[in-house]
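Here is the structure we will look at.
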Amino acid sequence: ISDAGTLKRIDASLVGGGLVKQVVYASNDTNVTFTNGTFGDVITINITPTKTSSDILIHANLMYTGNTSSGQDQGTSFKILRDSTDIFNPGNNYQSYLYDSGDAIDQKTNFSISYLDTGHNTTSQITYKIQGNSQTGGGSISFNNNGVSTLWVMELDQ
């Protein structure tokens, strides 16, 4: 810090630690398949916030393969849980969709999802889960089938 050419010092701890307090990363390459419309775990991660007032930014990149029977389309949905509580749930709305124009589909793709959790209010360990499902008949969704899903959670100071 300069005051009219006079150099002054200040302890950096008094200025603040910055916006990103911590980053935690997880990956999963274990194959998980859904066929009946029920949500199931795709990838899980734990983080212990340093402040009750911090926000947690969640970002996932999910690798999956959609398989359909001839003449069947394939809808897929994803949701995010904090411990056992849904914090993002689209309900029965598809977030990814494979359209079958008459032939069976076996398509590998990825889907990214991000969410800002502003309501954890704890300094105890939190488990975040990304869950996925297959919401149509005649097909299935296989996550991490010859691919890797990744999940990052970042604690952000306000």
Side-chain angles (χ1 to χ4, degrees), residues 1-66 74-98 107-136 140-158:
I1 298 175
S2 176
D3 181 13
T6 303
L7 185 60
K8 299 186 179 196
R9 296 178 4 171
I10 186 169
D11 187 335
S13 67
L14 299 174
V15 177
L19 183 64
V20 178
K21 300 305 269 182
Q22 62 176 314
V23 177
V24 182
Y25 169 81
S27 63
N28 186 12
D29 63 356
T30 302
N31 187 37
V32 183
T33 301
F34 304 104
T35 58
N36 62 1
T38 301
F39 280 96
D41 295 350
V42 175
I43 190 166
T44 302
I45 197 166
N46 296 318
I47 188 170
T48 304
T50 60
K51 294 174 63 177
T52 59
S53 62
S54 61
D55 296 333
I56 306 292
L57 179 61
I58 303 155
H59 179 76
N61 188 42
L62 309 170
M63 297 296 296
Y64 71 95
T65 302
Q74 183 64 54
T76 306
S77 291
F78 307 94
K79 68 179 182 176
I80 302 173
L81 286 81
R82 178 194 327 115
D83 295 322
S84 60
T85 303
D86 287 357
I87 58 173
F88 174 79
N89 187 345
N92 291 324
N93 297 317
Y94 302 132
Q95 293 163 299
S96 181
Y97 198 76
L98 301 176
Q107 180 177 347
K108 185 174 183 175
T109 189
N110 68 347
F111 182 84
S112 292
I113 185 170
S114 296
Y115 182 81
L116 184 64
D117 183 9
T118 60
H120 66 81
N121 197 30
T122 187
T123 55
S124 298
Q125 178 178 290
I126 300 170
T127 299
Y128 287 102
K129 292 181 181 182
I130 307 295
Q131 292 187 331
N133 76 1
S134 169
Q135 290 195 354
T136 59
S140 66
I141 294 292
S142 296
F143 290 92
N144 313 319
N145 184 13
N146 297 317
V148 177
S149 291
T150 56
L151 176 59
W152 297 266
V153 291
M154 292 164 259
E155 181 182 12
L156 307 176
D157 199 358
Q158 297 180 5

Can you confirm whether F88 sits close enough to I113 that some side-chain heavy atom of one is under 4.5 Å from a side-chain heavy atom of the other? yes
Is there a donor-acceptor contact under 3.5 Å linking the side chains of D157 and S54? no
Minimal non-hydrogen separation, H59 against S112, with atom names: CE1-CB, 4.0 Å
Might you point out which heavy atoms bring V32 and D41 nearest each other, and give the distance in Å? CG1-O, 3.8 Å
Strictly by modelled atom types, are N144 and S149 linked by a side-chain donor-acceptor pair under 3.5 Å? yes
Nearest heavy-atom neighbours spanning T44 and L151: C-CD2, 4.2 Å
For E155 and K51, the nearest pair of non-hydrogen atoms, with its separation, is OE2-N, 3.2 Å
Sub-3.5 Å donor-acceptor pair from the side chain of D83 to the main-chain atoms of T127, do we have one? yes
Got a donor-acceptor contact below 3.5 angstrom from the Q22 side chain to the T48 backbone? yes
Can the ring centroids of F78 and Y115 be said to lie less than 6.0 angstrom from one another? no
Gap separating the CG atom of L81 from the CD1 atom of I87, nearest 0.5 angstrom: 7.5 Å
Can you see which heavy atom on L116 is nearest to which on D55, and at what distance? CD1-CB, 3.8 Å
Shortest non-hydrogen contact from N28 toward V42: ND2-O, 2.7 Å
